Amino acid sequence: MNLKHIEAFRAVMLAGSMTAAAKELFTSQPNISRLITQLERETGLLLFQRSGVRLIPTSEGNAFFREVERAYVGLQGLSNAAAQIKNLGSGRLRIAAMPSAGLTLVPHVIKRFQALRPEVTVSLHVNTSGTINHWTSSQFCDLGVAVYRSEASTCEVEMLSEVAAVCVMPAGHRLAKKRVLKAEDFQGEPFISLCHGDGTRAQMDEAFDRVGVERVLAIEAQYSAICCEMVRCGMGVTLAHPIVARDFAGPEVEIRPFKPSVMFPTYLLFPPHQPRDRLTLEFVDLLRQEHNELLENLEKPRRASRR
DNA sequence: GATGTCGAAAGCAAGCAGTC
DNA sequence: GACTGCTTGCTTTCGACATC
């Protein structure tokens with residue numbers, strides 16, 4: 001039994017004769033006759049009573065027709081689903097982001113995206129860059145935002161940006177007297193560091209080791225935002241992504257540039273061997289716009305303070 | 001990738017049965 | 001007997017599959 005058998009049966013039931021059904025389906029009457037015979041043979045049902053030139057549906061035929069109509073509602077649903085997929089892909093967008101992006105940048109992008117595409121469901125998953133590499137490689141998510149790309153990752157990668165880390169310290173801290181901080185200034189300073197294994201941790205350590213500076217590494221945290229929160233509590237100083245640091249700037253926290261530059265790269269990760277759908281590309285466009293605007297806003301106060 | 005073979009699907013034509 | 005509708009046999013077309 002295939003779709004043609006069902007189509008022929010349904011057409012005969014609706015049109016009232018094989019001849020009319022054949023016209024409906026743009027085929028020949030003998031073809032319809034054979035399809036109905038095959039359907040009866042395969043189902044073991046007598047679908048029509050041949051009474052002279054008239055075809056009269058049997059009770060079995062009527063019962064089968066009700067099931068066929070129910071199945072057609074499902075087929076119509078498939079048709080609608082196909083149209084939606086054509087327009088919107090799966091109709092769902094799964095984003096995975098590292099905390100520095102997932103807690104600040106991405107929510108703003110989702111807000112803009114929802115204004116354009118209210119019919120699309122967006123899910124945001126925040127985790128470490130390593131996990132984001134894994135999620136994107138395995139196609140669990142449509143887009144990943146991470147600070148580094150894993151060696152083992154098969155993702156397609158594009159760089160979003162690379163910005164210099166800034167120093168975050170409690171208000172009134174002795175280092176806040178300087179306009180720009182150097183690695184040497186951190187000698188003996190309680191430092192809240194990212195955990196080993198984080199993409200930028202090694203860079204930070206190298207910047208201090210190069211000039212022989214020993215910090216007091218008493219506290220480690222997995223995410224920059226947590227480091228900044230601990231700074232606000234007066235537990236030490238840290239280096240952080242400027243977009244993350246911006247959210248903590250205020251009466252309790254001060255931010256200064258740091259030299260030599262420790263760069264925070266941000267990568268966009270795409271699932272491998274998979275064409276990028278329209279929704280993902282639209283989201284990436286908005287992500288780039290929002291990111292550029294955030295960076296421009298970060299620059300403005302610095303320019304103003306130089307005047 | 002090109003070619004040959006096989007089987008399923010579909011059309012044409014003829015025949016059969018019922019109705020008017 | 002003419003018309004209508006269904007069934008059946010024959011033929012053609014097309015796609016799947018195997019082989020080279």
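By convention in this document, chain letters (A, B, ...) are assigned in the order of the sequence lines, proteins followed by strands, and residues within each chain are numbered from 1. These figures come from a predicted structure and were not determined experimentally.
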Taking atom types as modelled and ignoring hydrogens, do the side chains of [X] and [Y] form a donor-acceptor contact shorter than 3.5 angstrom?
X	Y	answer
A/His173	A/Glu189	yes
A/Arg215	A/Gln187	no
A/Asn31	A/Ser28	no

If you apply the rule side chain to side chain contact (heavy atoms under 4.5 Å, CB included), what do you find for A/Val145 with A/Leu268, and how did you get there? CA-CA 5 Å; A/Val145 184; A/Leu268 299 179; 4.1 Å; yes
So, does A/Ser33 get its side chain near the phosphate of C/dG5, meaning an N or O under 4.0 Å from OP1 or OP2?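 A/Ser33 to C/dG5 OP1/OP2: no side-chain N or O under 4.0 Å.
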Could I get a table of every N or O pair under 3.5 Å where one atom is in the protein and the other is in nucleotides 6-8 of chain B?
none

For atom [atom1] of [X] and atom [atom2] of [N], their distance in whole Å:
X	N	atom1	atom2	value
A/Ile32	B/dC12	CD1	C1'	16 Å
A/Gln29	B/dC16	CD	P	16 Å
A/Met18	C/dT7	CE	P	4 Å
A/Asn31	C/dT8	CG	P	15 Å
A/Ile36	B/dA10	CD1	P	13 Å
A/Glu40	C/dT8	CD	P	11 Å

Closest-nucleotide ordering on DNA chain B, the 5'-leading residue of A/Pro30 and A/His5: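 Nearer the 5' end of the strand: A/His5.
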Looking at B/dA13, C/dC6, C/dC10, which one has an atom nearest to any side-chain atom of A/Arg34?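 Nearest listed nucleotide: C/dC10.
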What's the closest nucleotide to the side chain of A/Leu35 if the choices are B/dA10, B/dC12, C/dC6?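 Selected nucleotide (nearest to the side chain): B/dA10.
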Honestly, is A/Arg10 close enough over A/Phe65, meaning NZ or CZ under 6.0 Å from the six-membered ring centre and within 45° of the axis?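 No - A/Arg10 does not lie over the ring of A/Phe65 by the 6.0 Å and 45° rule.
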Indicate if A/Leu35 and A/Leu14 have the same hydrophobic cluster label, given that clusters are the connected sets of ILVMFWY residues with side-chain heavy-atom separations under 4.5 angstrom.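 Not linked; separate clusters.
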